[in-house]
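Nothing here was measured: the structure is a model prediction, and the numbers come from that model.
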Amino acid sequence: MLISHRRARTRAAVAALAALSCVAGAGGAAAQIDWGRAAQREDRRTCEKFGADGGKDYTRCMLAQQRRRDQAPLYAAEQQRANAQAARDNVETVRRIRCNREAKRARERGERAPWCP
């Protein structure tokens, strides 16, 4: 009897979680649509500022703005990768400087200097 009660509570919790996930997913989709509309308005304003009122110039401008927007995450990821590599290089350089400094001090004391890879 106790086991069935636990199963019932577990099922109820899973059902509530599933319902909550569906509601949250629908809200996320609506937010994505609103964001897309805001982005399109911003692109339209940008193209109007460039003087593209309509026709082929406007289409080219809107496509360029969409391309810029689509590639922005890729550029950001590449920049993040480059920054991470620079940080790793900096850590290695500092390690090498410290190792060489310790080796120099050991030689000055007349001791055998540690090997610095």
Do you see a donor-acceptor pair shorter than 3.5 Å between the side chains of Arg37 and Gln40? no
Which residue pairs pass the disulfide bond (SG atoms under 2.5 Å apart) test with at least one member in residues 65-117, sequence neighbours excluded? Cys99-Cys116
Is any side-chain heavy atom of Arg95 less than 4.5 Å from a side-chain heavy atom of Arg98? no
Is Glu102 salt-bridged to Arg105, cutoff N-O under 4.0 Å? yes
Starting at CG of Asn83, measure out to CD of Gln80 and round the result to the nearest 0.5 Å. 8.0 Å
On a heavy-atom basis, which atom in Ala113 and which in Ala106 lie closest, and how many Å separate them? CA-CB, 4.1 Å
How long is the straight-line distance from CZ of Arg96 back to OG1 of Thr93, given to the nearest 0.5 Å? 5.5 Å
I'd like to know if the side chain of Gln85 pairs up with that of Arg88 as donor and acceptor (distance under 3.5 Å, no hydrogens or angles considered). yes
Report the distance from atom CG of Asp89 to atom CD of Glu92, rounding to the nearest 0.5 Å. 8.5 Å
Hey, are Asp70 and Arg67 close enough for a salt bridge, meaning a charged N less than 4.0 Å from a carboxylate O? no
Nearest 0.5 Å please: distance from the CG atom of Asp43 over to the SG atom of Cys47. 6.5 Å
SB check Arg81 Glu78 (cutoff 4.0 Å): yes
Once rounded to the nearest 0.5 Å, what's the spacing between atom CZ of Arg44 and atom OH of Tyr58? 5.0 Å
Determine whether more than 12 heavy atoms belonging to other residues, nucleotides or ligands lie under 6.0 Å from atom CZ of Arg109. yes
Verdict with reasoning, Arg69 to Gln66, per side-chain hydrogen bond (donor to acceptor under 3.5 Å, both in side chains): CA-CA 5 Å; Arg69 191 176 304 284; Gln66 183 63 42; 5.0 Å; no
